[in-house]
Amino acid sequence: MPLRLYNSLTRRLDELRPLVPNKVTMYHCGPTVYSSPHIGNFRSFLFADVLRRFIEDQGYQVIQVMNVTDVGHLTNDDLETGEDKMEAASKKTGRTAWDIAKQYENEFHECQRLLHVRLPHHMPRATDFIAQMGVIIDDLLQKGVAYQVDNGDVYFEISKFPQYGKLSGKVIDELEDGARVAVNDKKKDPRDFALWKTDDKHQMQWDAPFRGGLRGFPGWHIECSAMSAHYLGHQIDVHTGGEDNMFPHHECEIAQTEAHTHRQFVSIWMHARHLLVDNKKMSKSLGNFFTVEDVLKKGYSGLELRFALVRGHYRQQLNFTLKGLDEARAAIARVQQCRQRLVRIETGAERKGEADLTAATAAANAKFTATMQEDLNVSEALAVVFDFVGECNRAQPTLASCALALQFFARIEDVLGCFGATPQADATGDAPAELQAMLQKRQDAKKQKDWATADAMRDEIQKAGWKIVDTATGPRLEKA
RNA sequence: GGUCCCGUAGCCAAGUGGUUAGGCAACGGAUUGCAAAUCCGUCUACGGCGGUUCGAUUCCGCCCGGGACCUCCA
């Protein structure tokens, strides 16, 4: 069974057919590092992460590149008033753009770690690829697809690339009727976009990396073309981003890259739907957004946030709520309880049985694969996992079955990464000695039928962040 | 104004022309000194109105409601 993915370009499910057999190249539009990463950002990045993990699960070797935009992302791409986001943040805070970029890039990496993201193989910064951008700009100028105006700005000329609009379905006339107005009369067409801009006041400036240019800074779109070409070559298999990237960003990437190489840039374009918060659009301009840090400060773990952001289908709007995080916590616990019991049986801490889970495990694996192969249907894949949890809990499995089932869970974890590592059979030994003493005291009290003392001990242990689990073979302590 | 997506039980969220997700919460039962965890059971839905069909939540049309892009945003 092939892996089929929804391709924004063809508007249907396309089979993943890597240009080089068994190797998949992926490029992801990463963060613009001008503010703290928010949960909406990570909805997209976690989607990319799960995609990568599943493709690897399917036996491919993946090479993943995610850019860090630290220059050139204009607040208003085509208008004269457009301002670089880094510069805008700098103005607001009084710090340098370089300083800001560094801070938020670090924050981004920290969030990746907290949300258990498998790091892309390369995470290049735009500012480190000025020269490579220059090569493309130079070529586009030579080919007459781009033009330079008096002040030194270089624009890509839309009319020279008739396929412009093929990804987003935007048609020229429609755009001209829209809210966007041409106020930059230097441009031949209002939709021509900047490859290079000049501005004396801009903090980040470079001598033009192309012939006949003036000192300035690159436009936003060109970085992705340059960096994907540098690491992955002129043609790549999969390119992802948030749905807002589709236009104009990805449209522009296609135009400049394909005008440059005369080859199809990307086989499969994928876009994650935006997140809603309490059923409302989440955006900076509305101010109703949570940063990753906000959520973690409320006491939720990265795993819980990851689960909450990953559980819905990526092409569906996902409604984020704090209640959803509580649900995530409970759901994760359900899986972990199940895994822990299997470990306990395996290690002899709990009685094994006669139930053979071989067939059930094979079926779960097959269903999980099939459902993920169909455009990464995580929701349905989770249903498979939870069905299997029920089967395990109901059974008294053999040692061999425990091992098989645990392998299944390890695979799920490898792909989804939202449940955590295989639990320990018994964490009692890791608990502080005083808690272990309390546990013993509770046992003694129970023998005496001194329920008051027994319950008091349990409450104390709970207050310390642990809980008692009573079993047929005696009580044990677990982290709550 | 143009293009497009969605509306599923208390909440979240898949899917399908006729069997029927899953999670959370709630309730009843088993277990337990009481709990926790686990198991069993209950709650059974597809925005509204038409149409196509033997049969529609699933296809078509209209309406209502929410959202996306075209403008900063993943």
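If you're wondering where the values come from, they're calculated on a predicted model, not measured in any experiment. Letters A, B, ... mirror the listed sequences (proteins, then strands); counts begin at 1.
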If the test is side chain to side chain contact (heavy atoms under 4.5 Å, CB included), which one of Thr369(A), Asp375(A), Ile55(A) qualifies with Leu3(A)? Ile55(A)
Rounded off to whole Å, could you give me the NZ-to-P distance for the Lys323(A) and A13(B) pair? 11 Å
Check the distance between C4(B)'s C1' and Leu167(A)'s CG and give it to me in whole angstrom. 13 Å
Hey, mind stepping through Leu5(A) and Leu13(A) against side chain to side chain contact (heavy atoms under 4.5 Å, CB included) and telling me if it holds? CA-CA 5 Å; Leu5(A) 301 168; Leu13(A) 295 183; 6.0 Å; no
Report yes or no: is there a donor-acceptor pair, N or O only, under 3.5 Å between the side chain of Arg329(A) and the base of C24(B)? no
Between A13(B) and Arg311(A), counting only base atoms on the nucleotide and side-chain atoms on the residue, is there a donor-acceptor pair under 3.5 Å? no
Would you kindly check whether a donor in the side chain of Asp470(A) faces an acceptor in the base of A35(B), or vice versa, at under 3.5 angstrom? yes
Within the 6.0 Å centroid threshold, strictly below: His271(A) and His250(A): yes
Which whole number of Å gives the distance between the C1' atom of G17(B) and that of C24(B)? 31 Å
Give none if U32(B) has no partner; otherwise give the nucleotide forming a Watson-Crick or G-U wobble pair with it, both distances under 3.5 Å. none
Using the P atom as the reference point in each nucleotide, state the distance between A21(B) and G41(B) in Å, no decimals. 13 Å
Check every strand shown and say whether Gly241(A) touches a base, only sugar-phosphate, or nothing at a heavy-atom separation below 4.0 Å. sugar-phosphate
Using the side-chain heavy atoms of Arg334(A), tell me which of these nucleotides is nearest: A21(B), C24(B), A74(B). C24(B)
Atom C1', compared across U44(B) and C6(B): separation rounded to whole Å: 23 Å
Can you figure out which of G15(B), U38(B), A74(B) approaches the side chain of His274(A) most closely? A74(B)
May I ask you to evaluate whether Asn279(A) reaches the phosphate of C12(B), defined as a side-chain N or O under 4.0 Å from OP1 or OP2? yes
Between C46(B) and U20(B), how far apart are the C1' atoms? Round to whole Å, please. 13 Å
Can you tell me the distance, in whole Å, between the CG atom of Leu376(A) and the C1' atom of A14(B)? 14 Å
Regarding the side chain of Phe247(A), the nearest nucleotide among A68(B), C70(B), A21(B) is C70(B)
In whole angstrom, give me the gap between the C1' atoms of G2(B) and A9(B). 37 Å
At under 4.0 Å between heavy atoms, what does Ala272(A) touch on the DNA or RNA strands: base, sugar-phosphate, or nothing? nothing
With heavy atoms under 4.0 Å as the rule, sort Lys446(A) into base, sugar-phosphate or nothing. base
Among the nucleotides C34(B), A74(B), A25(B), which one has an atom lying closest to any side-chain atom of Leu275(A)? A74(B)
Out of C70(B), G22(B), A14(B), which has the shortest distance to the side chain of Ala383(A)? G22(B)
Give none if C46(B) has no partner; otherwise give the nucleotide forming a Watson-Crick or G-U wobble pair with it, both distances under 3.5 Å. none
Of the listed nucleotides (G33(B), G15(B), A74(B)), which one gets closest to any side-chain atom of Asp455(A)? G33(B)
Is there a side-chain polar atom (N or O) of Lys467(A) under 4.0 Å from OP1 or OP2 of A37(B)? no
Which value, in whole Å, describes the distance between the P atoms of nucleotides U38(B) and A74(B)? 39 Å
Going by ring centres under 5.5 Å and near-parallel planes (under 30°), is Trp451(A) stacked on G33(B)? yes
Start at the 5' end of RNA chain B and walk down; is the nucleotide closest to His313(A) or to Phe386(A) reached first? His313(A)
For the pair made of CG in Leu325(A) and P in A13(B), what is the distance, rounded to whole Å? 13 Å
Rounded distance (Å) that lies between atom P of A13(B) and atom CZ of Arg273(A): 13 Å
Determine whether a donor-acceptor pair (one donor, one acceptor, N or O, separation below 3.5 Å) exists between the side chain of Glu327(A) and the base of G23(B). yes
Mind checking whether Phe409(A) and Phe388(A) have ring centres under 6.0 Å apart? yes
Go through A13(B), C11(B), A36(B) for me and flag the one nearest to the Leu318(A) side chain. A13(B)
Taking the ring of Tyr34(A) and the ring of Tyr104(A), is the distance between their centroids below 6.0 Å? no
If you check the Asn319(A) side chain, which of C12(B), A21(B), C39(B) turns out closest? C12(B)
d(CZ, Arg315(A); C1', C69(B)) in whole Å: 16 Å
So, is the end of the Arg315(A) side chain (NZ or CZ) under 6.0 Å from the ring centre of Tyr6(A) and within 45° of the ring's axis? yes
Report yes if the side chains of Val62(A) and Met26(A) come closer than 4.5 Å at any heavy-atom pair, otherwise no. yes
Closest to side chain of Gln316(A), choosing from C6(B), C39(B), A74(B): C6(B)
Using only side-chain N and O atoms of Asn393(A), determine if any of them is under 4.0 Å from OP1 or OP2 of U38(B). no
Whole Å only: how far is the CZ atom of Phe388(A) from the P atom of A21(B)? 21 Å
Respond yes when some side-chain nitrogen or oxygen of Lys479(A) is under 4.0 Å from OP1 or OP2 of A36(B), and no when none is. no
Atom pair distance, as rounded to whole Å: CG in Leu276(A) and P in C12(B): 11 Å
For the ring pair Phe108(A) and Phe45(A), is the centre-to-centre distance below 6.0 Å? yes
Using Watson-Crick geometry (N1-N3 plus N6-O4 or O6-N4) or G-U wobble (N1-O2, O6-N3), each under 3.5 Å, U19(B) is paired with none
Between G23(B), G33(B), A14(B), spot the one nearest the side chain of Ala331(A), thanks. G23(B)
Using both distances under 3.5 Å as the test, list the Watson-Crick or G-U wobble partner of U3(B), or none. A68(B)
pair_partner(A25(B)), Watson-Crick or wobble, both distances < 3.5 Å, evaluates to none
Only one of Asp294(A), Leu296(A), Val295(A) passes side chain to side chain contact (heavy atoms under 4.5 Å, CB included) with Val292(A); say which it is. Leu296(A)
Taking for each residue the nucleotide of RNA chain B bearing the nearest heavy atom, is the 5' side occupied by Lys280(A) or by Arg442(A)? Arg442(A)
